[in-house]
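This report refers to the structure that appears directly beneath it.
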Number of protein chains: 2
Amino acid sequence: MSDPDKKVNQSVVKAFALLDAFTNEKTSWGVRELALKTGYNKSTTYRLLNTLASLNIVHQNSNEKYSLGSKLFELGNRVAIYKAITKSTNAPIKNVALEIQETVLLSILKEDQVFHINKADSLHGLKINTSIGSYQPIHATASGKLLLAFSKRDIQNEILKRIQLTKATQHTITNLKSLKKELDTILSQGYALDVEEFELGLVSIAIPICNKSGNIIACISASGPLSRFRTENIPSYINILQKGVIIMEEEFKDFDRL
Amino acid sequence: MSDPDKKVNQSVVKAFALLDAFTNEKTSWGVRELALKTGYNKSTTYRLLNTLASLNIVHQNSNEKYSLGSKLFELGNRVAIYKAITKSTNAPIKNVALEIQETVLLSILKEDQVFHINKADSLHGLKINTSIGSYQPIHATASGKLLLAFSKRDIQNEILKRIQLTKATQHTITNLKSLKKELDTILSQGYALDVEEFELGLVSIAIPICNKSGNIIACISASGPLSRFRTENIPSYINILQKGVIIMEEEFKDFDRL
DNA sequence: CCAAAGTGTTTCACTTTATGAAACGGTGTT
DNA sequence: AACACCGTTTCATAAAGTGAAACACTTTGG
């Protein structure tokens, strides 16, 4: 996918590495701490932040710390494909979230990971904090396993060759044979379940979204605490998710992939 | 605000100038045409795009053209302040849009312009295409005039000194004295109207969103074609907008500015 | 009250890095 | 077969970024 031999502009790489340090957990950085974090020289970090600030990509707060700026928000909102998806899925996933009373995510397969495109929060105080635009491992999530299970066989095998089955909890599938068996189960039952495979106490259930050719192009999942989860409610969860899927499949019928 | 003397990293500036060429009107570019557009050398453009592609900031489509990529979407979704606003206003502005049956925008004053933070589309086929993250002139929009009218007097005067009253249509206010009079009218009547001042055939109405101290921090507006607009419906429009404002003012009561 | 330790910022000799004209290897068109 | 277009690569040249150290300032603590 990426050719490491190709010459890339180091300054640009550094600039984006700086931006990548601004996460949901840490939204503002000082020059020195950011230099320490990224390993760049203090001067370099300062000048890059200064450049980014002049472009409104970052913003220097009154306390001298830097945060991400409005221009980045603007550019993010221009990413055509995701913008279209966000717009057309806001309503259906919101309705699903209201009915199912758990956090609902719309996700796709991207670079051997699960990529979350849109989200509707649960109204409960206790909810997962996965965010839009973030990635999660394929093998340890309901969405990931489902997307992989429903992928074409050759793509599935390619991905299975590349990914590492890293252990996230004691319930994570770390064995290739077990994972393949799980994928078969998911394909036959039509939904995927993740019971504490990625995070202890967290349960997810996912079902596919297909285009008019019947190929999977995305999935929708509901995630919540184990304490609220009841096995006997699975058909009901699927039923609610399915109502959202029907609407979204109409929107996505002509897509080959998202 | 920005110091032109300060040394900035040219490569980074160029990289973002390239990204800025990707608009809602033109979402994909080839190397040569983008080089032509930005004035950069073909090689430079190519290498920068290559760098950005390796970071997933842009994505090279199968037809060899480049589009904005998922990483930019991800970064855009990390801009903390706007993310929080987007989240808490999605529902109220959506409800307003449904009831008022026109496109609804949530906007703030930023860098002497109107900055649109969130949007709910009208269900009508005919609707404005202003997008989230975009800017519009203060003096030629309902939102802009309203935000300025309700601003503190010293801030208002500062802005009035700096902005150009550029003519957008034959109805645009291009005279400072007329604009000041209009601001007074808006302040006393509590809402702002824009009838074809920015674009022919386009009408907007805006009302303020204030914090608990009573200071304006944002505004909400409805925009639609002149053909659907009736003067006698203004009280009804305001009434619907007001219902959304009440909910949002609860969310924003502790903000000093957005 | 002054010293120490923190911050963001500026400087300047050094050298790494980006630059751009031209050539390259494709593909599609006339 | 000649042309025109595309993205890509090359390589000598020149410009640009680099980083240690100094600077100016604020906050902290004995």
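Keep in mind the model is a prediction, meaning the values are calculated, not measured. Numbered from 1 within each chain, the chains take letters A, B, ... in sequence-line order.
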To the nearest angstrom, how far is [X] atom [atom1] from [N] atom [atom2]?
{"X": "Leu34(B)", "N": "dG7(D)", "atom1": "CG", "atom2": "C1'", "result": "13 Å"}
{"X": "Lys65(B)", "N": "dG7(D)", "atom1": "NZ", "atom2": "P", "result": "8 Å"}
{"X": "Asn41(A)", "N": "dT15(C)", "atom1": "CG", "atom2": "P", "result": "16 Å"}
{"X": "Leu52(B)", "N": "dA18(C)", "atom1": "CG", "atom2": "C1'", "result": "15 Å"}
{"X": "His59(A)", "N": "dG8(C)", "atom1": "NE2", "atom2": "P", "result": "15 Å"}

Any residue meeting side chain to side chain donor-acceptor pair (under 3.5 Å) with Lys145(B), in chain and number order, not counting sequence neighbours: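 Partners of Lys145(B) by the side chain to side chain donor-acceptor pair (under 3.5 Å) criterion, ordered by chain and then number, come out as Glu182(B), Glu197(B).
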Side-chain N,O ([X]) to OP1/OP2 ([N]) below 4.0 Å:
{"X": "Gln60(B)", "N": "dC6(D)", "value": "no"}
{"X": "Tyr46(A)", "N": "dA20(D)", "value": "no"}
{"X": "Asn50(B)", "N": "dT8(D)", "value": "no"}
{"X": "Thr44(B)", "N": "dA18(C)", "value": "no"}

Sugar-phosphate, base or nothing in reach of Tyr40(B), heavy atoms under 4.0 Å: nothing
Donor-acceptor pair under 3.5 Å, Arg32(B) side chain vs dG7(D) base: yes
All side chain to side chain contact (heavy atoms under 4.5 Å, CB included) counterparts of Asp121(B), not counting sequence neighbours: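 Checked Asp121(B) against side chain to side chain contact (heavy atoms under 4.5 Å, CB included); matches are Lys87(A), Thr103(B), Lys119(B), Lys127(B).
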Point-to-point distance, once rounded to the nearest 0.5 Å, from SG of Cys219(A) to CG of Leu146(A): 5.5 Å
Per Lys42(B) side chain, nearest of listed nucleotides dG20(C), dA23(C), dT9(C): dA23(C)
Protein-nucleotides 10-16 of chain D N/O pairs under 3.5 Å:
none

Ring pair (Phe, Tyr, Trp, His ring centres under 6.0 Å) partners for Tyr40(A), two or more places apart: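 With sequence neighbours excluded, Tyr40(A) shows a ring pair (Phe, Tyr, Trp, His ring centres under 6.0 Å) to no residue whatsoever.
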Set of salt bridge (Lys or Arg N to Asp or Glu O under 4.0 Å) partners for Glu74(A), sequence neighbours left out: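 Result, salt bridge (Lys or Arg N to Asp or Glu O under 4.0 Å) vs Glu74(A): Lys71(A), Arg78(A).
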Contacts of type salt bridge (Lys or Arg N to Asp or Glu O under 4.0 Å), residue Lys152(B), not counting sequence neighbours: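 For Lys152(B) there are no salt bridge (Lys or Arg N to Asp or Glu O under 4.0 Å) partners, ignoring immediate neighbours.
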is_close_aromatic(Phe16(B), Phe16(A)), centroid dist under 6.0 Å: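 Yes, close enough.
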